Amino acid sequence: MLVNRDLADLDCDSVGVDYEVGAYRAASHVLNAGATTVHLLEEDLSISPVADRITGFRSALGERGIREDTIIRVPTRRR
């Protein structure tokens, strides 16, 4: 069993967080509160939680017609 992240190559059960929905809701909340500029700070890792959060963030902006996003990739020590 995996906890916190899905690894597509493994055929097993997993328990985790829907990072895409979480990022979508967070960005939507900020935009609904009146923000006109929103940035996402994200780890510089090629893992599914990072990709999912970016997708959710972009989805929230796209629904509001915001085409330009700012995603800042932050170096991490987890490499």
Side-chain angles (χ1 to χ4, degrees):
M1 173 182 256
L2 297 174
V3 176
N4 197 34
R5 188 167 74 155
D6 182 34
L7 299 175
D9 295 342
L10 294 178
D11 183 23
C12 66
D13 295 329
S14 67
V15 176
V17 175
D18 191 332
Y19 291 104
E20 184 175 339
V21 170
Y24 170 85
R25 288 181 178 172
S28 293
H29 176 77
V30 171
L31 291 164
N32 291 339
T36 56
T37 304
V38 180
H39 305 287
L40 175 65
L41 300 176
E42 191 55 77
E43 290 180 294
D44 190 18
L45 293 172
S46 296
I47 58 175
S48 58
V50 171
D52 292 347
R53 286 189 295 263
I54 290 171
T55 298
F57 174 75
R58 287 185 170 151
S59 179
L61 271 60
E63 282 185 1
R64 291 156 179 80
I66 301 170
R67 299 287 173 234
E68 184 174 331
D69 60 21
T70 302
I71 299 172
I72 301 167
R73 301 302 292 261
V74 179
T76 181
R77 295 184 301 174
R78 293 196 300 161
R79 291 182 192 241

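Keep in mind the model is a prediction, meaning the values are calculated, not measured. Position 1 is the first residue of the sequence, and the numbers go up from there.
- Judged as a side chain to side chain donor-acceptor pair (under 3.5 Å), and not counting sequence neighbours, the contacts of Thr70 are His39.
- Panel note: side chain Ser59, backbone Thr55; no donor-acceptor pair is recorded below 3.5 Å.
- If you chain together hydrophobic residues whose side chains sit under 4.5 Å apart, Tyr24 and Ile66 never meet in one group.
- Note that CG of Asp44 is 12.5 Å distant from CD1 of Ile72, once rounded to the nearest 0.5 Å.
- Residue Glu43 comes nearest to Arg53 through the heavy atom pair OE1-NH2, 4.2 Å, listed as atom of the first residue, atom of the second, then distance.
- Side-chain heavy atoms closer than 4.5 Å link hydrophobic residues (I, L, V, M, F, W, Y) into clusters, and following such links, even through other members, never connects Tyr19 to Ile71.
- Here Glu42 contributes atom CD and Ile54 contributes atom CD1; the two are 5.5 Å apart, rounded to the nearest 0.5 Å.
- Under the side chain to side chain donor-acceptor pair (under 3.5 Å) criterion, Glu20 pairs with no residue, sequence neighbours left out.
- Under the rule for a side chain to side chain contact (heavy atoms under 4.5 Å, CB included), the partners of Ala35 that lie at least two apart in sequence or sit in another chain are Val30, Val38.
- In this structure, the side chain of Arg25 does not engage the main chain of Gly56 through any donor-acceptor pair within 3.5 Å.
- The minimum heavy-atom distance linking Ala27 with Leu61 is given by the pair CB-CD1, 4.4 Å.
- Atom-to-atom distance recorded for Leu31:CG and Phe57:CZ is 8.0 Å, nearest 0.5 angstrom.
- Residue Asp13 qualifies as open at atom CG: its count of foreign heavy atoms under 6.0 Å is 12 or below.
- The stretch residues 54-67 participates, sequence neighbours left out, in these salt bridge (charged side-chain N to carboxylate O under 4.0 Å, His left out) pairs: Arg58-Asp69.
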